[in-house]
Amino acid sequence: MKTNAGRFFEDYAVGQVIKHAVPRTISGGERALYHALYPARHALYSSDDFAASCGFDKSPMDDLIAFHTVFGKTVPDVSLNAVANLGYAEGRWLKPVYPGDTLRSESEVIGVKQNSNGKSGVVYVRTTGRNQFDEPVLEYVRWVMVRKRDLDAPVPETVIPDLRTVVPADELVLPEGIDFARYDFDLAGEAHRWSDYKVGEKIDHVDGVTIEESEHMLATRLWQNTAKVHFDATNREDGKRLIYGGHVISMARALSFNGLANAQMIVGLNGGAHANPCFSGDTVRAWSEVLDLAETDAPGVGAVRLRLVAYKDGAPEFALKGEDGKYHPDVLLDLDYWALMPV
Amino acid sequence: MKTNAGRFFEDYAVGQVIKHAVPRTISGGERALYHALYPARHALYSSDDFAASCGFDKSPMDDLIAFHTVFGKTVPDVSLNAVANLGYAEGRWLKPVYPGDTLRSESEVIGVKQNSNGKSGVVYVRTTGRNQFDEPVLEYVRWVMVRKRDLDAPVPETVIPDLRTVVPADELVLPEGIDFARYDFDLAGEAHRWSDYKVGEKIDHVDGVTIEESEHMLATRLWQNTAKVHFDATNREDGKRLIYGGHVISMARALSFNGLANAQMIVGLNGGAHANPCFSGDTVRAWSEVLDLAETDAPGVGAVRLRLVAYKDGAPEFALKGEDGKYHPDVLLDLDYWALMPV
Amino acid sequence: MKTNAGRFFEDYAVGQVIKHAVPRTISGGERALYHALYPARHALYSSDDFAASCGFDKSPMDDLIAFHTVFGKTVPDVSLNAVANLGYAEGRWLKPVYPGDTLRSESEVIGVKQNSNGKSGVVYVRTTGRNQFDEPVLEYVRWVMVRKRDLDAPVPETVIPDLRTVVPADELVLPEGIDFARYDFDLAGEAHRWSDYKVGEKIDHVDGVTIEESEHMLATRLWQNTAKVHFDATNREDGKRLIYGGHVISMARALSFNGLANAQMIVGLNGGAHANPCFSGDTVRAWSEVLDLAETDAPGVGAVRLRLVAYKDGAPEFALKGEDGKYHPDVLLDLDYWALMPV
């Protein structure tokens, strides 16, 4: 068999390091496509001049372009046989990515736990994305539920990594030279600054986008994510193609511009759940909640911890979970991240 | 409320200057997408070598890329609550845009007129797009009908700007160094030169493109145009997404290559009407009429004033308006522009 | 008539040289789109660093980007009135294409044969793509069946070129400096090397992609291919848009990564048949057969001759032709090419 059948649960062992294939050089082309696929308008990722006024050499690639590129490489090794993408933790962006950079990914298995049904198990990996200078640009933990190939394979010793529920603000890595002292709020699109947001505040981002098959496939392929459920309409009995969770993350983040235009840069990923599957024809909307506010050492730069919720048309306002602790069926995504904002 | 509800009629006053948000650096990525979205083949915008033979350093971005980018920035401030996009006038391209340039937009309110129903009014703005050197690259006037938020808001004094119906040929701005003396008609794709066209001549551009939802959304997002009618299928009662008028402009212009391959560069926009809405599934076709011919000072360069009409499949040949002066229901666009052509 | 009605059979004569219009400068934008349109993952075309480790200055454009660009330019002159695209032969890639290169195409008519029905004929052309330095980057022969405009036009003398069914391995042109001695199989994605493949071996590439209208139109326009059957849903009585055969080639080649990740570079096109038409909604899959193996002079580089078959969901395993010699109705493409692989 020369084709990749993907790893099964019994193929993972704690301590294993997987060097993921197909490094990728990204250019202005990926950036243009990102703008075509999502209503992305954060000025730092749109304009070289704006980025220069914030202390960057030029406009970096959107943080989520870095995330998707690094994540996509892991799919053939980590989630080809995944039943579910269970969670994220301890994500940090460590260095901006620029057009011309080449990214590759590596994952270390940091936990395994076979399910009591004996048919599958949970695998935890810590993934690091690196650029052409071998500098880490992004790291995060994710855990997935993976099927066993051989139900009789020995049950591994359970190792559940000790993961923090939140990246502490003082461990966030700020890009070298970042400076919001001369931040132009007019060009950024909104006047609200860090001090205008209060913990507990919720923002309905108003706009919605109805999802099309070709768009999510273009996006998912762009990150060289090969999971067949996204592309092959014959794969599920209902003929539906499951939309890559990252497509919903980017759509919701872009929609959140309306109300959070100054939450410029994502620097931490505290957690995230793909609450329900998203399909073509769904109209995706988003709301955010301010979870925390923190100061940073960089001039004029504050950090804001945000919950970003994507939901389908039909969900009640600010819907999240029911009394049973389960996500409302129209909630698609519950993401917890840190962003940088002018103070 | 931290989200942008858009301006309403009573928020505009003559003399107001609006600095639009989110400057944008454009690259070869936007150009590639333009070629993927439209059957664009004008050689000047396709080949660095061809452009060099015409006196340019390299191939400029399509004029309509400049137009859409500048226009897109104005949407959150000008047309978010627009009932209709009523017209264009006095448009001039002032400087070519190249990959790597950063564009931003500014608009001055030059006219307001409340409608007799008291529920809405017409707002006239003159928009200027500038590059990173603060040089104007494009200017045009457009007017839109905007709803009032508060029907009791005071009625402003009516100011209707005195707009010329045609940009005089001697006020067109030709790109520095443009020279069609060594123009290669073989590489350009057609042998017809400026002197081969006659005023009154009509050209049926033959080809048609059936429009898809994802394509017009990709295009509209690419220009960071955020008007929700283009993206949210729940926005209209009929579940249809209204296609951005600029998508029809670009589609028609690209189709007009067949018969007008040498109408290389758009330098003036005299007027334009989005005659009827366009929806996914429509097959768009185009015809042109030569309205005027003018000489220019540049070597080998003539100007041609063209009417470009986009229509849906089903319209009779060269359909435009009925005896009642109203556009035929299958006519989508009636655009009046100046282009440069080898003499 | 200023529009291009395309050439008809009687417009071709052996010896004629057609200089095709609209040269094209390609950039990182075309590459990004290629990755969005196809699940392309060959590392040489994805990473500047990987390409550098193989002796290239940076990552070249995918060979099929070069092919489609050169091919697209020929459509208005060669296949606008084609009834069928009958075959390819003697294709060789002669020089890598890099971002920033400008490509143009020229074709020489090398054969004509009127059909016995007197309504159409077969035209053979040898097409050469050249870059901005006038260096040939690609050459191939294709033959198409073209309608006659005037059934009474004189019957030309039949000339059928003597075409080789296979490009001999020692006539393949290897890129200057190519060196697979330090080839990184981990980064490439698979461990199988040239010596691991056996003549006669068949590989089912496992994955499938369900085709959407917008995607094939984006792709086809990207190569400035203007054949209206691909874009205009009113063109066929059944309302279907015929998918550009090259879209199926690229889709199948990208799918073949899974099992042939190290078949990095296409250097020869021996033949090809678009066995059956492909339409939106079809789920495209692929299988390959190793037809030959040859050594080369470059360090660590072997050549492998592959049959690449694209088929629609529903075809039996490794389906090709029936006992009657006709292609199975679910087979879409039967392509015969040479690729380079680490030994």
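We name chains A, B, ... by the order of the sequence lines, and we start the count at 1 in each one.
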Quick one: what part of [X] sits under 4.5 Å from any heavy atom of chain B, side chain, backbone, both or neither?
{"X": "A:Phe257", "answer": "side chain"}
{"X": "A:Leu187", "answer": "both"}
{"X": "A:Ala40", "answer": "backbone"}
{"X": "A:Ser59", "answer": "neither"}
{"X": "A:Leu218", "answer": "side chain"}
{"X": "A:Asp48", "answer": "both"}
{"X": "A:Asp204", "answer": "backbone"}

Measuring only between side-chain heavy atoms, which start at C-beta, is [X] closer than 4.5 Å to [Y]?
{"X": "A:Ile203", "Y": "B:Thr3", "answer": "yes"}
{"X": "B:Glu212", "Y": "A:Glu212", "answer": "no"}
{"X": "A:Pro39", "Y": "B:Thr226", "answer": "no"}

Problem set entry | Option from A:Glu201, A:His192, A:His205 for which side chain to side chain donor-acceptor pair (under 3.5 Å) with B:Lys2 holds |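 Exactly one pass, corresponding to A:Glu201.
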Exercise. Are there more than 12 heavy atoms of other residues, nucleotides or ligands under 6.0 Å from atom CG of A:Asp186?
Worked result: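 Yes, CG of A:Asp186 has more than 12 neighbouring heavy atoms, counting only those of other groups under 6.0 Å.
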Need one label for [X]: side chain, backbone, both or neither, based on atoms under 4.5 Å from any heavy atom in chain A.
{"X": "B:Ser214", "result": "both"}
{"X": "B:His230", "result": "neither"}
{"X": "B:Arg241", "result": "side chain"}

Exercise. A:Asn258 side chain to B:Asn4 main-chain N or O, any donor-acceptor pair under 3.5 Å?
Worked result: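 Yes; at least one donor-acceptor contact below 3.5 Å.
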Exercise. Out of curiosity, A:Glu213 CD to B:Glu213 CD, how far, rounded to the nearest 0.5 Å?
Worked result: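 With rounding to 0.5 Å, CD (A:Glu213) is 13.0 Å from CD (B:Glu213).
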Exercise. Does the pair A:Asp184/B:Lys19 count as a salt bridge with the N-to-O cut at 4.0 Å?
Worked result: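 Counted as a salt bridge, because a side-chain N and a carboxylate O are separated by less than 4.0 Å.
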Where is the tightest heavy-atom contact between [X] and [Y], given as atom of each residue plus distance?
{"X": "A:Ala36", "Y": "B:Arg221", "value": "O-NE, 2.7 Å"}
{"X": "A:Phe50", "Y": "B:Pro23", "value": "CB-CG, 4.3 Å"}
{"X": "B:Val22", "Y": "A:Ala43", "value": "CG1-CA, 4.4 Å"}
{"X": "B:Ala233", "Y": "A:Thr210", "value": "N-OG1, 2.8 Å"}
{"X": "B:Ser27", "Y": "A:Gly29", "value": "OG-N, 4.5 Å"}

Problem set entry | B:Asp232 vs A:Asp207, side-chain contact (heavy atoms from CB on, under 4.5 Å): CA-CA, chis, key distance, verdict | CA-CA 8 Å; B:Asp232 183 346; A:Asp207 303 312; over 6 Å; no
